[in-house]
Amino acid sequence: MDHRISLKKETEYISPEGLRLDGRLPSEMRQISAEIGVVPNADGSAAFEMGNTKVIAAVYGPRKVQNWGQQINDQALVRCEYRMANFSTGDRVRRPKGDRRTTEISLVIRQTMEACIMTQQMPRTQIDIYVQVLQADGGTRSACINAATLALAAAGIPMRDLVTSCSAGYLNGTPLLDLNYVEDSAGGPDVTLGILPTLDRVTLLQADSKLTMDAFESVMQLATEGCMAVAGYIRRVLREHTKQLELRRGV
Amino acid sequence: MVGLSAGEKHFIKGGIDQDLRSDGRKRLTYRPISIETGVIPQANGSARLRMGDTDVIATVKAEIGKPSHLHPNRGKVAIFVDCSAIASPVFEGRGGEELSTELSVALQRCLLGGKSGAGAGIDLLSLNVMEGKICWDLYIEGLVINADGNLLDALGAAIKAALSNTGIPKVNVAAEFSAEEQPEVDISDEDFLRFDTSSVPVIITLTKVGKHYIVDATSEEESHMSSAISVSINSRGQICGLTKRGGAGVDPSVVLDMISVAKHVSEHFIMKLDSEISAAEADEAGS
Amino acid sequence: MGSTDGIQADIASEIEVDAFRRLFPLRFYERHLSESVRPDARPLNKARDTSVALGAVSSADGSALVKIGHTTMLAAIKVEVMTPSLDSPDEGCLGIEFNMPPICSPSVRPGQTAELAPVISKQLSDSILSSGMINLKELSLISGKAAWMLYLDVYCLDADGALFDAALLAAVAALSHLRIPVVSVNDDGRVVAMAGEHVEGKSVREPINREKRKLTFSCIPFSLTCILHQKYILADPTAEEELIMETLVTVVLDLSGRLVSLYKLGGNLAYNSTVQDCVALTRRRVKELHQILNEAVSDMEVD
Amino acid sequence: MEIDRADGRQPNQLRPLSCSHNFLNRAHGSARWSHGDTTVIAAVYGPKSGKKTNENPKKASVEVVWKPNTGHIGRDEKEYEIVVKRTLESICLLTVNPSTTVSVILQVVDDDGGLLPCAINAACAALVDAGIPLKHLAVSICCGLTESGFVVLDPTKSEEQSLQAFTYLVFPNSFRSVLPGSPLSVEIGPFENGIITSTTHGVMSVENYLFCIERGRSASAALSEFLRKSLTKWNESNS
Amino acid sequence: MGSLVHYCSALVAAAGSIAAAVAALCLKKNFLLHSSLFFGHFGHENFKEVKQTTPLKSSPLHSLCPALLGSHTKTERNRETEMSSKSSSTTTMTTTYSPSPTVKNRQPIIKDVDWARPDKRGFHQCRPAYLNTGTVNAASGSAYVEFGSTKVIVSVFGPRESKKASMYSDIGRLNCNVSYTTFATHFRGQGTENKEISSMLHKALEGAIILESFPKTTVDVFALVLESGGSDLPVVISCASLALADAGIMMYDLVTSVSVSCLGSNLIIDPITEEETYQDGSLMITFMPSRREVTQLTLTGEWSTPRIHEAMQLCMDACCKLGEIMRSCLKDAAASSES
């Protein structure tokens with residue numbers, strides 16, 4: 001924890017050689033890896049890692065609407081709960097359930113996923129997406145969304161397209177892809193982007209602190225590439241997964 | 001949690017009576033256990049334990065604290081369990097809290113010993129840095145990833161693994177300080193103290209189905225248990241804590257019988273666990 | 001034989017009465033009122049019998065248990081030391097809380113506070129503080145350094161109407177049972193209790209206050225709640241009565257007959273004459289309560 | 001005999017009143033009322049279907065939400081909520097649409113003494129604006145008692161502190177309704193002489209309290225006059 | 001057996017007072033009675049001494065996990081202030097402490113064989129007990145139980161409509177809630193619910209209540225610990241089952257509960273707070289005397305099997321006696337209500 005603070009003081013996030021603190025290039029993404037079916041209880045589940053950020057998403061449903069009042073007659077009810085483990089951050093804090101940040105992120109994820117799920121095909125049902133952060137090292141939103149996409153796909157829920165997400169920032173006058181915690185907490189601009197790769201649509205765009213228009217363009221561009229890269233990887237993982245299923249079926 | 005038809009119930013029950021459970025186990029055999037240590041780098045120690053489909057993570061975080069003036073030469077340990085909603089929709093929101101507290105309390109009872117600290121599985125004296133001034137506070141967090149029965153045993157074992165994975169930094173205390181204020185401390189980043197977990201007990205939960213006891217019950221089996229007893233037993237065969245679960249009453253003699261059975265089971269379990277842990281440590285060091 | 005028949009007849013009639021009471025509560029009451037008597041055989045202006053027991057809680061520094069009819073209140077005081085605020089360096093503080101735990105009534109559910117609780121605790125602290133009953137200067141230990149903080153908590157154990165009256169009585173009784181402990185200042189400037197024998201290692205200065213002392217009261221407030229229904233005034237209502245006839249007036253007077261508070265929330269209109277009648281009733285009640293309290297205190301002195 | 005007040009008012013002179021209606025277009029009824037600097041906005045929603053908790057098959061229920069201008073809602077605000085609630089319940093015709101809820105939100109804009117009376121007046125005006133059936137209107141006023149035993153009406157905050165005691169009173173306003181079961185049937189004194197709500201702070205003699213009521217009542221006539229005027233004005237402007 | 005003698009005297013007290021205190025004054029009576037009858041053992045003065053010479057650091061709220069204490073109570077306080085801004089503004093601002101004597105001057109508790117308990121009891125002797133039912137008129141059943149200075153009131157409401165959208169169940173629900181008064185413990189508490197004890201109470205009772213007898217409805221068991229003088233949970237449990245019986249809820253048997261502490265080589269029954277603070281281990285049993293069944297059993301500290309056996313025997317004997325007393329208390333109550 002404390003070494004991070006000491007870093008925070010100096011504003012040098014790009015070494016003269018053009019490398020970032022963790023040795024990445026500005027346009028380089030962290031190591032990503034995904035695993036499907038980590039939660040046997042769930043209808044679909046996936047773990048997604050971006051560097052040190054590690055999240056698990058589990059999908060339950062489509063199932064009977066639990067709270068009768070919430071039932072929607074012409075489409076499915078999509079719900080999402082985002083939770084951070086107490087040990088997920090460097091400092092140990094017992095965070096109360098449903099604090100502002102948590103509810104906000106839950107909402108973001110829910111809306112993003114809802115946009116790509118074909119809800120009208122499953123009226124009067126409920127789909128629960130639970131996301132659990134095991135380690136937070138920047139870009140949790142993106143990681144959660146990617147995990148959720150995989151989990152939904154694994155649960156066989158009809159979707160228009162896979163949503164993939166990636167964040168990008170702008171520090172020391174250079175656009176940076178996939179910020180980690182240190183860069184994220186530097187207070188610079190931070191853009192989280194979620195896209196539907198094949199439909200080529202933007203479903204999520206969050207940016208904080210101000211950014212000149214052309215700088216934004218470049219950051220946006222970078223983030224989009226990031227999303228595409230993630231999309232490629234997610235597709236591979238899914239194909240792999242389906243192959244496995246085929247083998248098990250003995251097809 | 002699990003809805004079972006009368007037929008299924010009868011099947012499971014019958015299987016247990018004939019010492020052949022639905023997943024092919026005997027009454028007193030455990031599901032395969034796999035342990036993975038150091039899964040959470042931010043923590044001082046961590047372990048992920050899978051027992052069949054039950055999947056839990058335990059982490060240990062150590063922080064410098066002030067000992068309570070009741071026990072000036074002891075560190076403090078707190079145990080929290082969180083049932084993540086990903087394990088089951090019923091844990092959503094506040095839904096998991098009841099089970100979480102129940103598990104936390106049971107674990108504290110089984111691992112922390114009596115109020116005077118006697119019989120504590122975790123040696124609190126070893127957490128002492130300077131009497132009455134500085135000690136280590138251990139925060140042990142359990143997280144349930146997937147629940148398929150026998151959570152308490154799994155968490156207990158995971159915590160044991162996490163503790164043996166824990167390295168507590170060496171602390172150098174500044175030489176001079178006045179009587180009143182806290183002395184300066186500096187925590188070294190390189191050299192760590194390994195934690196001795198030989199005395200950390202394991203938890204054995206015996207679930208009573210009909211007139212038989214089974215270990216490591218799956219959630220199906222738990223769903224129609226009449227009652228269960230969780231005994232924590234250390235390597236010396238001493239009982240370090242006991243919790244009864246399930247409301248139904250049992251005859252005192254049965255309780256004692258269950259305890260002795262648990263004791264017998266524990267010997268194998270401890271051995272198995274230790275080997276698993278050392279294996280996990282090995283390939284963590286390897287990787 | 002005949003006797004048993006009689007009994008059965010009684011039961012039958014009773015059931016009838018019960019049914020009537022449940023179905024037409026208001027008429028049931030008005031029938032009684034017209035006879036100027038209440039279902040519990042009280043005359044309209046008579047309060048239920050009242051009892052005060054001091055020293056109910058040994059873990060508190062002062063406590064009292066009060067019963068008015070079924071309504072039961074337990075008040076207890078814990079004294080702690082605080083550093084007084086800058087604008088009043090030589091004054092202590094009195095914090096009053098009124099709690100309605102779920103045990104006291106079926107309407108209170110755990111987790112959520114009863115609607116009335118905050119109102120009553122506000123009324124309580126207003127009445128006691130504004131009446132100038134206790135002199136906060138008395139609670140000072142070392143000017144600007146340390147003063148007593150009195151935590152007065154009133155718990156309603158059984159709610160059967162006239163909660164405020166009982167709560168106030170309990171609070172007052174607890175205060176009159178309170179004994180300020182003997183304390184001294186140790187070297188680190190903390191106030192410590194004198195445990196009788198000397199504390200080894202620390203040189204104990206002589207106590208700040210000589211012996212366990214009571215507080216002195218300039219005046220003591222007592223209260224009476226009345227129901228106004230048509231031309232009737234019902235003193236000290238039960239929960240049932242409060243439910244059926246909602247116009248309540250609470251009058252708080254101190255011993256010298258001054259008005260500490262007159263509390264009426266909505267309901268039917270009250271006229272000067274009615275107000276004066278209520279005040280008159282309260283005057284009578286104050287005398288009763290004062291006597292009851294004195295008896296309780298003197299009982300305490302005996303043992 | 002004269003006592004001078006900081007703002008040079010007469011003892012029984014009110015601060016300038018102002019009242020505006022229906023300026024919140026989302027609310028079913030709303031009003032903004034101010035005594036001098038004390039200003040409260042009241043918004044009324046309803047009658048709407050009652051919540052499980054406060055639903056009553058025989059009567060409509062009134063819920064009051066108090067929003068202080070700064071900080072969280074504390075014990076005092078909770079008390080205000082109940083006081084206003086009970087007061088409004090006693091002037092509303094609750095039996096007209098049973099098992100419904102009328103919710104009144106009171107937003108304090110500025111507090112310079114006599115906050116509660118201001119809030120009650122605002123709420124009352126808002127109820128009229130929302131067209132909630134009422135038995136009669138109510139007007140509320142604060143009467144203060146100086147150390148020297150004089151009664152001052154509608155004191156400011158600074159005055160309230162210096163006062164020996166003060167009381168918030170709510171009177172029915174002076175036009176009559178002839179509804180069966182309304183308090184009219186009680187034949188004690190004329191209708192206006194009743195008080196709906198009274199809360200007091202500080203110790204005073206009973207005589208003084210009655211004296212306060214006397215003064216308050218006379219002032220309430222003026223208040224209700226103002227209220228009625230503003231209401232009629234608003235009606236004309238609407239039609 | 002000393003405890004028996006005590007219990008009998010307690011029983012006399014109970015019977016006497018119930019007879020006397022049919023009407024309003026039952027609570028008052030029992031306090032006076034209590035202080036007069038057991039003055040020798042446990043008058044308030046005696047207790048004050050105990051209190052001043054030893055810092056009773058442990059209320060069950062706090063004891064279980066010292067590290068947890070800091071964060072936990074803080075959150076509690078926050079919730080309080082949100083709910084209904086507890087304790088008037090002045091008090092919330094100032095931080096106060098209770099002037100307890102400094103920790104140095106407590107004599108360490110002796111654990112050898114010839115060691116006397118702070119309240120001069122024998123090791124296997126329970127505290128004087130006082131039981132009484134029908135304490136709270138507003139409840140459908142209630143009981144007040146007093147073990148030494150541990151005083152507990154339990155009210156039972158229902159069977160009544162299960163609140164909110166809880167799903168249909170063909171058996172009844174049991175809902176337990178235990179809370180402490182702010183002045184119950186030596187150090188002023190927050191007076192909030194104690195989740196742990198609540199769930200323990202629930203588990204202890206659910207096995208004894210015939211839930212089938214009130215389908216689709218809920219029975220609420222609310223307990224308030226007026227004063228905590230040690231072994232609170234057992235007292236709460238026994239009191240609760242008494243209240244349930246008073247409410248006429250169908251039960252297989254009364255639930256009685258007793259705990260033993262193990263200090264060094266000694267097993268002491270029904271420990272007071274002070275003893276609980278220094279105990280090396282504890283065993284609590286909740287027991288249905290006439291069915292001879294254990295509904296709950298918890299154990300902390302390090303035990304050998306024979307020792308467990310011994311402790312359980314001790315508890316169960318005490319439970320049986322307590323059971324008899326509870327029964328006779330109920331009988332007397334019934335008798336007095338008939339006459």
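To find a chain, count down the sequence lines: A is the first, B the second, and so on, and within it residues start at 1.
Neither the backbone nor the side chain of Ala43(B) has a heavy atom closer than 4.5 Å to any heavy atom of chain A. Contacts between Ser84(B) and chain A at a heavy-atom distance below 4.5 Å involve backbone atoms as well as side-chain atoms.
Applying the ring-ring contact (aromatic ring centres under 6.0 Å, His included) test to residues at least two apart or on different chains, the pairs with a partner in residues 113-157 of chain A are Tyr60(A)-Tyr130(A).
Interface remark: of the candidates Ser45(A), Gly61(A), Ala57(A), Pro40(A), Pro40(A) forms the most heavy-atom pairs closer than 4.5 Å to chain B.
In this structure, Gln70(A) places its CD atom where more than 12 heavy-atom neighbours from other residues, nucleotides or ligands lie under 6.0 Å away.
Arg31(B) pairs by the salt bridge (charged side-chain N to carboxylate O under 4.0 Å, His left out) definition with Asp148(B), Asp216(B), not counting sequence neighbours.
A salt bridge between Asp137(A) and Arg30(A) is present, with a side-chain N of the basic residue lying under 4.0 Å from a carboxylate O of the acidic one.
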